[in-house]
Amino acid sequence: MLRLENGFNKHSAHHFSGLDVSYDERIESGHHPREIRQVWSVPITVISELYQPRLGAGIKSVVMVVRVRHLWNKTTGEVQFYLTSLDSDAQLLGRAIRKHWGIENEAHWTLDCTFAEDACRIRSFHSPHNLAVLRRIALNALNREPT
C-alpha cells in the first residue's frame, strides 16, 4: 500500500500533469458535520511503478479519496486508497464508495440498536466473531420476514 500512496503522491505533487486523471468533489452538510470529499481516479496503466499485469489482473483504476470533516470544535481529515476493476470515473467511483460506506454504517447502527453490539463485552477466543455471525444471521432473518 505504501507503493500505491507514494506513486499517487508523486503524480499529485505535479498536479497529474500529462496523466489521464478524473476528479470529483462533493460537499455535504445538514444535520451532520460539513464534509468535503475529493476523489481522484487514474487508470492503473499510467502509474508505471504500480502497473503489474500479471499480479493485478482485472485492476483498471487507482482511486484516492480525501475526506475533510468540519465539526463545530475541530477539523478532521483522512486519505484512503482503492484499487478497482471499474473504469477511471471519479464521479461514479465516489458515489459507489459513498454508497458502500452508507450501507456499512447503517448495518452497524442497526446491529448496535437491536443487539447492543457496541456494549457487548465478549472478548475471548472465537466468541466475538461467532456472536457477530449469529447477530447478522438473526438480522437477515428478521429482514426477510414479511409480516
Side-chain angles (χ1 to χ4, degrees), residues 1-120 123 128-146:
M1 195 52 93
L2 186 59
R3 284 180 47 195
L4 175 64
E5 187 174 355
N6 289 340
F8 223 102
N9 287 337
K10 181 180 100 176
H11 292 290
S12 67
H14 300 291
H15 305 289
F16 299 101
S17 61
L19 294 182
D20 178 23
V21 64
S22 179
Y23 174 77
D24 186 49
E25 181 175 328
R26 301 282 169 139
I27 300 172
E28 291 184 3
S29 60
H31 298 292
H32 300 288
R34 183 168 172 253
E35 181 177 88
I36 301 169
R37 278 188 314 282
Q38 297 174 302
V39 180
W40 287 269
S41 174
V42 295
I44 188 79
T45 54
V46 301
I47 301 181
S48 58
E49 57 269 16
L50 296 177
Y51 183 58
Q52 298 177 3
R54 288 174 285 146
L55 298 177
I59 296 175
K60 291 184 179 178
S61 303
V62 180
V63 183
M64 179 174 74
V65 179
V66 177
R67 289 183 187 89
V68 178
R69 292 179 51 162
H70 299 283
L71 305 167
W72 68 273
N73 61 346
K74 67 179 178 177
T75 299
T76 62
E78 66 181 2
V79 179
Q80 293 179 321
F81 293 93
Y82 299 88
L83 298 174
T84 180
S85 60
L86 298 173
D87 291 327
S88 179
D89 180 350
Q91 187 175 20
L92 173 75
L93 293 168
R95 284 196 316 256
I97 291 166
R98 179 73 171 152
K99 185 175 180 180
H100 166 78
W101 285 110
I103 292 168
E104 195 71 28
N105 290 336
E106 182 179 324
H108 175 75
W109 181 84
T110 304
L111 287 167
D112 190 36
C113 289
T114 306
F115 300 109
E117 190 174 53
D118 287 347
C120 183
R123 306 261 190 262
H129 178 73
N130 292 340
L131 195 54
V133 169
L134 289 173
R135 285 187 193 110
R136 281 163 181 78
I137 290 171
L139 186 61
N140 287 336
L142 288 170
N143 286 335
R144 293 180 56 100
E145 172 58 37

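Keep in mind that what you see is a predicted model, and the values were worked out from it rather than measured.
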**OP:** For residues V39 and V63, determine if any side-chain heavy atom of one lies less than 4.5 Å from a side-chain heavy atom of the other.
**Re:** yes
Original post:
Quick one: does D89's side chain get under 4.5 Å of D87's, heavy atoms only?
Top reply: no
Original post:
Going through the checks in order, is the side chain to side chain contact (heavy atoms under 4.5 Å, CB included) test met by M64 and V79?
Top reply: CA-CA 7 Å; M64 179 174 74; V79 179; 3.8 Å; yes
Original post:
Do the side-chain N and O atoms of S22 and S41 include a donor-acceptor pair separated by under 3.5 angstrom?
Top reply: no
Original post:
Hey, are Q80 and R67 close enough side-chain-wise for a donor-acceptor pair under 3.5 Å?
Top reply: yes
**OP:** List the steps and the verdict of side chain to side chain contact (heavy atoms under 4.5 Å, CB included) for R26 and E35.
**Re:** CA-CA 8 Å; R26 301 282 169 139; E35 181 177 88; over 6 Å; no
Pairwise distance [atom1]([X]) to [atom2]([Y]) - rounded to 0.5 angstrom:
X: Y82; Y: L93; atom1: OH; atom2: CG; result: 10.5 Å
X: I137; Y: L142; atom1: CD1; atom2: CG; result: 12.0 Å
X: R144; Y: L139; atom1: CZ; atom2: CG; result: 12.5 Å
X: N140; Y: E145; atom1: CG; atom2: CD; result: 13.5 Å
X: T76; Y: R69; atom1: OG1; atom2: CZ; result: 5.5 Å

Subject >> Residue list, salt bridge (charged side-chain N to carboxylate O under 4.0 Å, His left out) with E25, at least two apart or on another chain >> reply: none
Subject >> Under the salt bridge (charged side-chain N to carboxylate O under 4.0 Å, His left out) test, residues paired with R95 that sit two or more places apart >> reply: none
**OP:** List the steps and the verdict of side chain to side chain contact (heavy atoms under 4.5 Å, CB included) for V66 and W40.
**Re:** CA-CA 9 Å; V66 177; W40 287 269; 3.5 Å; yes
**OP:** Begin with the C-alpha distance, continue with both residues' side-chain angles, and end with the deciding distance and a verdict on side chain to side chain contact (heavy atoms under 4.5 Å, CB included) for H129 and V133.
**Re:** CA-CA 6 Å; H129 178 73; V133 169; 3.8 Å; yes
Original post:
Sub-3.5 Å donor-acceptor pair from the side chain of S85 to the main-chain atoms of I59, do we have one?
Top reply: no
Subject >> Nearest heavy-atom neighbours spanning I36 and H70 >> reply: CD1-NE2, 3.9 Å
